[in-house]
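Inspection log for the structure reproduced underneath, given as structure tokens.
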Number of protein chains: 4
Amino acid sequence: MSDKKTRILQATEKLLAMYGFHGISMQMVAKEAGVAAGTIYRYFEDKDDLLHQLHDHILSHVANKITQDVSDEMPLKKRFRTMWLNIWKMANQEDAPLINRGQFENLPRRQGQEQYQLEQKLFAKVNQLFDEGKASGQFKQLDNEILSVLSLEPSACLARKHVNGVFNVSDDARDAAIEACWDAITQH
Amino acid sequence: MSDKKTRILQATEKLLAMYGFHGISMQMVAKEAGVAAGTIYRYFEDKDDLLHQLHDHILSHVANKITQDVSDEMPLKKRFRTMWLNIWKMANQEDAPLINRGQFENLPRRQGQEQYQLEQKLFAKVNQLFDEGKASGQFKQLDNEILSVLSLEPSACLARKHVNGVFNVSDDARDAAIEACWDAITQH
Amino acid sequence: MSDKKTRILQATEKLLAMYGFHGISMQMVAKEAGVAAGTIYRYFEDKDDLLHQLHDHILSHVANKITQDVSDEMPLKKRFRTMWLNIWKMANQEDAPLINRGQFENLPRRQGQEQYQLEQKLFAKVNQLFDEGKASGQFKQLDNEILSVLSLEPSACLARKHVNGVFNVSDDARDAAIEACWDAITQH
Amino acid sequence: MSDKKTRILQATEKLLAMYGFHGISMQMVAKEAGVAAGTIYRYFEDKDDLLHQLHDHILSHVANKITQDVSDEMPLKKRFRTMWLNIWKMANQEDAPLINRGQFENLPRRQGQEQYQLEQKLFAKVNQLFDEGKASGQFKQLDNEILSVLSLEPSACLARKHVNGVFNVSDDARDAAIEACWDAITQH
DNA sequence: CATGAATGAGTGTTCATTCAT
DNA sequence: GATGAATGAACACTCATTCAT
């Protein structure tokens, strides 16, 4: 990918994290990226397109991070714990500023089949985890989306509040939270 | 509260739900509320203040709704279930347009001690639920905030996706989700 | 008509005459009119609307000027000569800067029935002249539009070139030109 | 003339006719001409120069067309009629797109002696016609410019309105208009 | 010679805010 | 108190022009 395009995306992510959705203008992005305002329009159709592309860019980054060090051979629980911690770490390493600040969800999303398939592909390993869990009888028989909301979403939510200083989460509390999430999706 | 001020807040909520954050201007709010543009500035310092106050306005509405039909005499589980469903219903009854559309989180939030205390007061009954649960040994020994993220947050998250059509949640699945959230916070 | 609106129209006309169609911006108009840029948009929907309204504004001014001192009792030739000279004078008195500089024709024109009827009404006296001339057998049996192109258009064209200094037209030459235009439309 | 320069001029004329003065940019011209944007600046100083040169380019095309099939041996009236019809035909054959659409007059014109001499040379045959007519006593003793405005200008004006659909001109009306123009410049 | 990415001043337009009435 | 006309800085976006390759 062109050097300039990357710089523009990174600048946008940074500014979005700093000032939020409503606080950034194309001129600010240009300045932060070290390019002229007009240059942005060589790489992105308009502001909407820039934000859409940033969404996809981050989504694929996130998908990669989440499934890092996860292999099909690992036992279910270990896989789950790894993913949960990957999400947690992402926030705490200031690795994905937008995620940290909860601005990512607000990014304008492209609708439609295409987008859905992209997300399915990106999060294939997550779905595989849930599918195996249900097949083996360990997990509750619920849609993957619901399982995800119950077990992984809290990781992001907690991390966000932790990093924003809303409240502190100790290592012990964190490990307990992982267990709680596991409890949420497993049969009892 | 002054009639005009209420009308302005309601107009803002309606427009925010209809057009999103980007799509509203002070003139639109004025028109919708049936007042002159300048009048808004009698009741709100500036646009930011209007949005902040709207945040608090909605927050207190939400707090009321969540604890509706919840009394201290009900058993823990029933109280929890009622709150969970109150959150769920709020979204599905188009009762809180901003919540439904996920615009509420984007509202600029005041930071700081003051805001924290307001939220504590509003959600006192929720905290009481968790405190009792922990005291009786039924709940895990985790901070209330963490318990909330594990058990109530998924209700809002699920409802949002359900109402936005991201995916469908049947009545059975919903009840199973409530059980799962209960599993997350209870001891095993 | 609002004072500000008039000032904006006059400023536009002046700038259009000075810099031509392509040389003016809304900010220039605002500055020349002594109003803020945003004020223009209280009176005109957009730049196009401003130009359209200027067109109509000038058209009605021109129609008034052309038929000044023309009464139905005057003999045909005197009426014709008066109109011809009214056009001529308009240019030479710097009375209608846009006409002088031939920028008027370039103004974006509204199309359609409505516009046509407006023009018919404005130039009713001109049409009446041609109709009477044809009825009495003095004029050639041609459409009023054609008679107009043959006899009055040259007045504007000549005046434009005279005032722009393309060439000089003496008083005698001007009177001869009026006779020539009369020859063009009368029977021989 | 360089192949590239010709292509640029033709592209400009085409785009100007299609989109009007406002609708063309140098990048569009470059694309239409099949050259890089920077290349235009090898052949033209700037946009103004391109437009000026296009003006002259078209002017010389027009001059050629007007005097087509006109020879010194033809009687005055036949020469006049031929020129009048040449102008008429140019518009109706979609031969000179800019003329047809009235965009030609808007082209920025160079002022001054030099420009005047160019036009004199281009329209030498037209001047010759008027000079002979005056010498033989057939034409009125008026400057060639005035005679031209009285007799040839109406052809262009009529053709423009005809082609733009402002009103329809039948073949009979057109012939009558030629006679009327002849009447305008001849002695009676 | 030719290219086309890059520039940045400029465009038309919006809108939070003010203030004379 | 309430109004709404007026403001002008800011916005997203364009485009004539340059210059390293």
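Note that the coordinates shown come from a computational prediction; the quantities given were computed from them, not determined experimentally.
- Atom-to-atom, NZ of C/Lys47 to C1' of E/dT13 comes out at 12 Å; the value is rounded to the nearest Å.
- For D/Lys47, the side chain to side chain contact (heavy atoms under 4.5 Å, CB included) criterion is met by D/Met26, D/Leu51, not counting sequence neighbours.
- Rounded to whole Å, the C1' atom of E/dC1 lies 13 Å from the corresponding atom of F/dT21.
- Between C/Phe21 atom CZ and E/dG12 atom P the separation is 11 Å, expressed in whole Å.
- Residue pairs meeting the ring-ring contact (aromatic ring centres under 6.0 Å, His included) criterion with at least one partner in residues 26-49 of chain B, sequence neighbours excluded, are absent.
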- Can you give the dot-bracket line for DNA chain F, where a pair is Watson-Crick or G-U wobble with both atom distances under 3.5 Å, crossing pairs use [ ], and | marks a partner on another strand? .||||||||||||||||||||
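- Identified under the side-chain hydrogen bond (donor to acceptor under 3.5 Å, both in side chains) test for residues 20-30 of chain D, with sequence neighbours left out: none.
- The distance between atom OH of D/Tyr41 and atom P of E/dC1, rounded to the nearest whole Å, is 19 Å.
- Across D/Ala36 and D/Ala30, no two heavy atoms sit closer than the pair C-CB, 3.9 Å.
- At the heavy-atom level, B/Ile24 lies under 4.0 Å from the strands shown only through sugar-phosphate atoms.
- Under the rule for a side-chain hydrogen bond (donor to acceptor under 3.5 Å, both in side chains), the partners of A/Gln53 that lie at least two apart in sequence or sit in another chain are A/Lys5, A/Asp49.
- Within the 4.5 Å cutoff, no side-chain heavy atoms of B/Asp56 are placed close to those of B/His52.
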- How does protein reach along nucleotides 1-8 of chain F, written 5' to 3' as B (base within reach of a heavy atom under 4.0 Å), S (only sugar-phosphate), or - (no contact)? SBBBBBBB
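- One can place OH of C/Tyr19 at 16 Å from C1' of E/dG10, the figure rounded to the nearest angstrom.
- Shown here are the ring-ring contact (aromatic ring centres under 6.0 Å, His included) partners of B/His55, two or more places apart in sequence or in another chain: B/Phe104.
- Of the two residues contacting DNA chain F, namely D/Asp46 and A/Glu45, the nearest-nucleotide position lying further toward the 5' end is that of A/Glu45.
- Residues meeting the side chain to side chain contact (heavy atoms under 4.5 Å, CB included) test with C/Ser60, sequence neighbours left out: C/Leu122.
- Following rounding to the nearest Å, A/Met28 (CE) and F/dC13 (C1') show an atom-to-atom distance of 17 Å.
- Between B/His22 atom NE2 and E/dT14 atom P there is a gap of 17 Å when expressed in whole angstrom units.
- As rounded to whole Å, 12 Å separates atom P of E/dT11 from atom NZ of C/Lys31.
- In this entry the distance linking CE of B/Met26 with P of E/dC15 reads 12 Å, nearest Å.
- Residue pairs satisfying the salt bridge (charged side-chain N to carboxylate O under 4.0 Å, His left out) criterion with at least one member in residues 24-33 of chain A, sequence neighbours excluded, are listed as follows: A/Lys14-A/Glu32.
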